[in-house]
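For the numbers below, each heavy atom of this structure counts, side chains included, while hydrogens, waters and symmetry mates do not. These numbers come from a predicted model, not from an experiment.
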Amino acid sequence: QRQLVDSGGGVVQAGGSLRLSCAAAGITFRSMTLSWFRQSPGKEREFVAGIRWSSTSLRYAESVRGRFTISRDNAKNSGYLQMNNLKPEDTALYYCACRPGDNISGVARQYDYWGQGTQVTVSS
């Protein structure tokens with residue numbers, strides 16, 4: 001069964017940190033681009049960060065640059081999003097997603113595989 005399972009969300013105070021994880025099964029994870037998206041109620045799903053299969057290229061949304069770090073471990077079929085200095089506006093449902101190839105697309109519909117989402121809530 002092809003799937004992504006994301007985890008690690010929770011409730012933190014502003015300024016706190018969380019580390020999200022994404023575990024892949026049934027797909028050739030090591031050859032895919034991995035990205036994280038997030039979605040708040042009433043808003044469209046937005047790109048947060050992405051990383052090529054080789055980890056040689058990273059991309060971040062301007063709103064999280066310098067605070068979030070994306071990484072992956074192909075040997076473990078896993079990806080991660082370290083989130084530091086969290087702000088209330090980071091509150092959202094976070095999803096990991098994978099697509100074949102090297103292009104770190106910021107367009108959600110271009111991703112073939114999705115996690116179920118993990119909730120991040122940042123209180124002020």
Side-chain angles (χ1 to χ4, degrees):
Q1 184 178 1
R2 300 175 179 179
Q3 64 176 358
L4 299 177
V5 178
D6 36 36
S7 61
V11 180
V12 295
Q13 290 188 333
S17 298
L18 283 173
R19 188 189 194 214
L20 306 185
S21 297
C22 176
I27 63 173
T28 312
F29 178 78
R30 63 183 179 275
S31 66
M32 294 194 178
T33 290
L34 166 71
S35 291
W36 289 89
F37 288 78
R38 66 186 182 187
Q39 189 168 20
S40 304
K43 295 186 178 181
E44 292 188 356
R45 194 167 297 189
E46 66 171 345
F47 173 83
V48 175
I51 183 170
R52 281 184 178 174
W53 66 271
S54 59
S55 300
T56 55
S57 180
L58 311 176
R59 177 182 172 186
Y60 294 96
E62 195 60 37
S63 59
V64 306
R65 190 184 305 275
R67 300 188 296 123
F68 290 12
T69 302
I70 188 171
S71 62
R72 65 190 295 161
D73 184 340
N74 289 340
K76 295 182 179 180
N77 286 335
S78 294
Y80 310 97
L81 185 68
Q82 177 67 43
M83 306 186 295
N84 297 329
N85 190 21
L86 283 160
K87 303 176 180 180
E89 51 264 43
D90 294 319
T91 295
L93 190 60
Y94 283 71
Y95 300 88
C96 63
C98 285
R99 66 184 302 273
D102 288 343
N103 182 29
I104 307 174
S105 173
V107 179
R109 65 177 181 272
Q110 294 185 355
Y111 285 78
D112 296 327
Y113 305 100
W114 289 85
Q116 80 285 1
T118 184
Q119 178 67 38
V120 172
T121 302
V122 185
S123 61
S124 57

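Sorted by first and then second residue, the ring-ring contact (aromatic ring centres under 6.0 Å, His included) pairs with a member in residues 60-86 form an empty list; sequence neighbours excluded. Sorted by first then second residue, the side-chain hydrogen bond (donor to acceptor under 3.5 Å, both in side chains) pairs that include residues 96-108, not counting sequence neighbours, are Trp53-Asp102, Ser105-Gln110.
The nearest pair of heavy atoms linking Cys22 to Trp36 is CB-CZ2, 3.7 Å. Closest of all the heavy-atom pairs between Arg38 and Ala92 is CB-CB, 3.8 Å. Residues Gly115 and Tyr95 share a closest heavy-atom pair of O-CD2, 3.5 Å.
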Next item on the list: Applying side chain to side chain contact (heavy atoms under 4.5 Å, CB included), run through Val48 and Met83 and close with a yes or a no.
Entry: CA-CA 11 Å; Val48 175; Met83 306 186 295; over 6 Å; no
Margin query: Quick one, Trp114 with Asp6, criterion side chain to side chain contact (heavy atoms under 4.5 Å, CB included). Give me CA distance, side-chain angles, the key distance, then yes/no.
Written below: CA-CA 9 Å; Trp114 289 85; Asp6 36 36; over 6 Å; no
Notebook entry, point to check: Checking side chain to side chain contact (heavy atoms under 4.5 Å, CB included) for the pair Ile104/Ser35: CA distance, chi angles, key distance, verdict?
Noted result: CA-CA 7 Å; Ile104 307 174; Ser35 291; 4.0 Å; yes
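Residues Met32 and Ile27 form a side-chain contact, since some pair of their non-hydrogen atoms from C-beta on lies under 4.5 Å apart. No side-chain heavy atom of Lys76 sits under 4.5 Å from any side-chain heavy atom of Ser21. The shortest distance between side-chain heavy atoms of Thr91 and Gln119 falls below 4.5 Å. At a threshold of 4.5 Å between non-hydrogen side-chain atoms, the residues Leu34 and Cys96 count as touching.
The CG atom of Leu4 sits 10.0 Å away from the CG atom of Asn77 when rounded to the nearest 0.5 Å. How far OG of Ser124 is from CD of Gln13: 9.0 Å, rounded to the nearest 0.5 Å. Summarising the geometry, atom CG belonging to Leu20 is positioned 8.0 Å from atom OG belonging to Ser7; distances are rounded to the nearest 0.5 Å. To the nearest 0.5 angstrom, Arg109 atom CZ is 13.5 Å from Arg45 atom CZ. Here the CG atom belonging to Asp90 is positioned 7.0 Å from the OG atom belonging to Ser63, to the nearest 0.5 angstrom. From Thr69, atom OG1 reaches atom CG of Leu81 across 8.0 Å, with rounding to the nearest 0.5 Å.
When hydrophobic clusters are built by joining Ile, Leu, Val, Met, Phe, Trp and Tyr residues whose side-chain heavy atoms come closer than 4.5 Å, directly or via intermediates, Ile51 is grouped together with Val64. Residues Phe47 and Tyr113 do not share a hydrophobic cluster, clusters being chains of Ile/Leu/Val/Met/Phe/Trp/Tyr side chains in contact below 4.5 Å. At a threshold of 4.5 Å between side-chain heavy atoms, the hydrophobic network of Ile, Leu, Val, Met, Phe, Trp and Tyr places Leu58 and Tyr94 in one connected group.
Cation-pi geometry between Arg72 and Phe29 is satisfied (NZ or CZ under 6.0 Å from the ring centre, within 45° of the ring normal).
Without hydrogens or angle criteria, Ser55 side chain to Ser71 main chain gives no donor-acceptor distance under 3.5 Å. In this structure, the side chain of Arg67 engages the main chain of Asn85 through a donor-acceptor pair within 3.5 Å.
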